[in-house]
Amino acid sequence: MLIRVTSEPLDTAEAVAHVASPEAGAVNVFLGVVRDNNLGRRVDHLVYEAYDAMAEKVMREIAEEARERFGLLGCAVLHRTGRLEIGETSLLIAISSGHRAESFEGGHWLVNEIKKRVPVWKKEVWEDGEEWIEGPESLGKSQATAGQAGQ
Amino acid sequence: MLIRVTSEPLDTAEAVAHVASPEAGAVNVFLGVVRDNNLGRRVDHLVYEAYDAMAEKVMREIAEEARERFGLLGCAVLHRTGRLEIGETSLLIAISSGHRAESFEGGHWLVNEIKKRVPVWKKEVWEDGEEWIEGPESLGKSQATAGQAGQ
Amino acid sequence: MNVTVLLFASLSDRAGLRRIELDYQPGDTVRSVCDRLMDAYPALRSFRPSLLYAVNEEYVRPGDSVPPGATLALIPPVSGG
Amino acid sequence: MNVTVLLFASLSDRAGLRRIELDYQPGDTVRSVCDRLMDAYPALRSFRPSLLYAVNEEYVRPGDSVPPGATLALIPPVSGG
């Protein structure tokens with residue numbers, strides 16, 4: 001498994017190479033990318049902050065759990081921190097499996113769990129201000145999902 | 001849209017670059033890869049044959065349909081033909097979308113439709129023989145799924 | 001005018017060729033062209049129940065017409081991806 | 001012995017610092033350490049209902065103990081990915 005929190009750009013080719021396996025029939029790669037807008041507001045850039053050591057630990061736990069649940073062969077999870085411009089990759093996941101269904105289901109599950117449980121925070125910076133985004137975007141300011149992680 | 005049937009190796013970086021968009025928050029990449037085994041048999045290599053012109057046409061139709069159904073921003077579908085060794089990529093799909101759910105659902109739908117409808121055939125070559133695989137692997141020799149495509 | 005028939009994968013291996021030109025006959029359909037082809041290549045008969053058909057790169061039904069000059073592809077169950 | 005408290009994101013902006021050392025007191029729990037911290041930094045009180053807690057990089061509950069020398073992280077709702 002390749003697990004990393006880093007301020008360096010994330011390299012898709014490295015992650016794909018890491019999960020290669022002669023038994024693998026499917027590789028799924030997910031890139032979380034900085035969008036130029038959120039909830040109708042124009043975003044200039046993002047700043048990601050992580051509790052680095054714990055983030056890697058939780059990412060590893062989630063990856064282990066995904067490997068068991070979905071029978072994954074290889075798994076790479078990388079999260080970038082610091083200032084990210086529009087179009088840059090903040091989250092990179094690559095997994096390999098025997099068949100395609102597990103690769104899609106496992107990848108989707110991984111992203112969802114990472115967004116719920118990994119101690120990383122995102123600050124949106126607009127032309128005229130900035131704000132820490134706290135909690136999953138889909139729930140706005142609610143802490144319902146994040147709250148479950150610690151209970 | 002990037003649609004291609006080719007005997008050249010498929011380039012993940014090219015496909016990812018093609019679907020980049022400032023509005024994209026998610027990119028999903030799927031690689032169909034040559035496995036060293038199938039249905040318990042050890043595979044030496046595969047040979048893919050396509051009805052090239054029609055395959056590109058059907059791939060384009062499927063990609064257009066996926067773009068509408070899932071609101072995709074960018075879409076690249078590439079299929080390789082000829083002799084492929086273990087670990088090489090036969091199918092490469094990259095799509096971009098605003099959010100992650102569509103990227104996983106759209107990617108999975110695209111692979112399924114491609115395997116049902118695109119006129120491409122795979123020959124398995126073992127140490128001691130070879131066989132054209134006809135019909136989706138999950139259904140073995142049944143033609144139930146492929147049969148629907150033309151009706 | 002001719003009708004061009006394309007064969008792929010196991011079908012093409014069995015016939016020992018990939019492309020056949022047949023004379024067009026007025027009123028030709030996928031079915032009638034296949035009938036003539038199978039008369040000429042009886043070894044292909046066993047494949048027929050599993051085939052799909054495309055005329056000029058579009059999937060069609062067995063009763064659909066095959067115009068003069070058209071390309072008819074005989075499509076065994078696909079296995080790409 | 002001390003207890004180290006880590007602050008992140010909005011919490012760290014509000015307090016103007018990222019790391020605080022508090023004296024350990026026998027029987028300390030997440031709740032008791034937070035109580036002392038909020039007394040010293042009342043501006044952090046409004047964040048408290050939304051926080052999760054980790055001791056030595058493991059999520060814990062508010063009633064769990066904080067051993068001497070431990071690191072307690074106050075974790076606002078996460079937004080990575």
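In what follows, chains carry the letters A, B, and so on, assigned in the order in which the sequence lines appear, proteins first and then strands, with residues in each chain numbered from 1. FYI, side chains are in, hydrogens and waters are out, and symmetry mates aren't considered; it's all heavy atoms of this structure.
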Which residues share a ring-ring contact (aromatic ring centres under 6.0 Å, His included) with A/H18, sequence neighbours left out: none

At a 4.5 Å cut-off on heavy atoms, which part of A/V111 comes close to chain D: side chain, backbone, both, or neither? neither

Can you list the residues that meet the side-chain contact (heavy atoms from CB on, under 4.5 Å) rule with A/A101, with sequence neighbours excluded? A/E105, B/H108

If a pair satisfies salt bridge (Lys or Arg N to Asp or Glu O under 4.0 Å) and one of its residues is in residues 7-31 of chain A, list it, with sequence neighbours excluded. A/R4-A/E14

Only heavy atoms, only distances under 4.5 angstrom. Which residues in residues 12-28 of chain D are near chain A? D/D13, D/R18

Specify the closest pair of heavy atoms between A/E49 and D/A9, including all atoms of both residues, with the distance to one decimal. OE2-N, 3.1 Å

A quick test of your reading: do over 12 heavy atoms of other residues, nucleotides or ligands sit less than 6.0 Å from CD of A/E127? no

For chain A, which of D/I75, D/L51, D/N56 has the most heavy-atom pairs under 4.5 Å? D/I75

Using non-hydrogen atoms and a 4.5 Å limit, figure out which bit of D/L6 sits close to chain A: side chain, backbone, both or neither. side chain

Is it the side chain or the backbone of A/A55 that comes within 4.5 Å of chain D heavy atoms, both, or neither? neither

Would you check if the side chain of A/H79 reaches a backbone N or O of D/G80 as a donor-acceptor pair within less than 3.5 Å? no

Are the side chains of A/Y51 and D/T71 in contact, using a 4.5 Å heavy-atom criterion? yes

Nearest 0.5 angstrom please: A/M54 CE to D/E58 CD, how far? 7.0 Å

For the student: nearest non-hydrogen atoms of A/W121 and D/V78, plus distance: NE1-CA, 3.8 Å

D/S79 versus A/E134: any side-chain heavy-atom pair under 4.5 Å? no

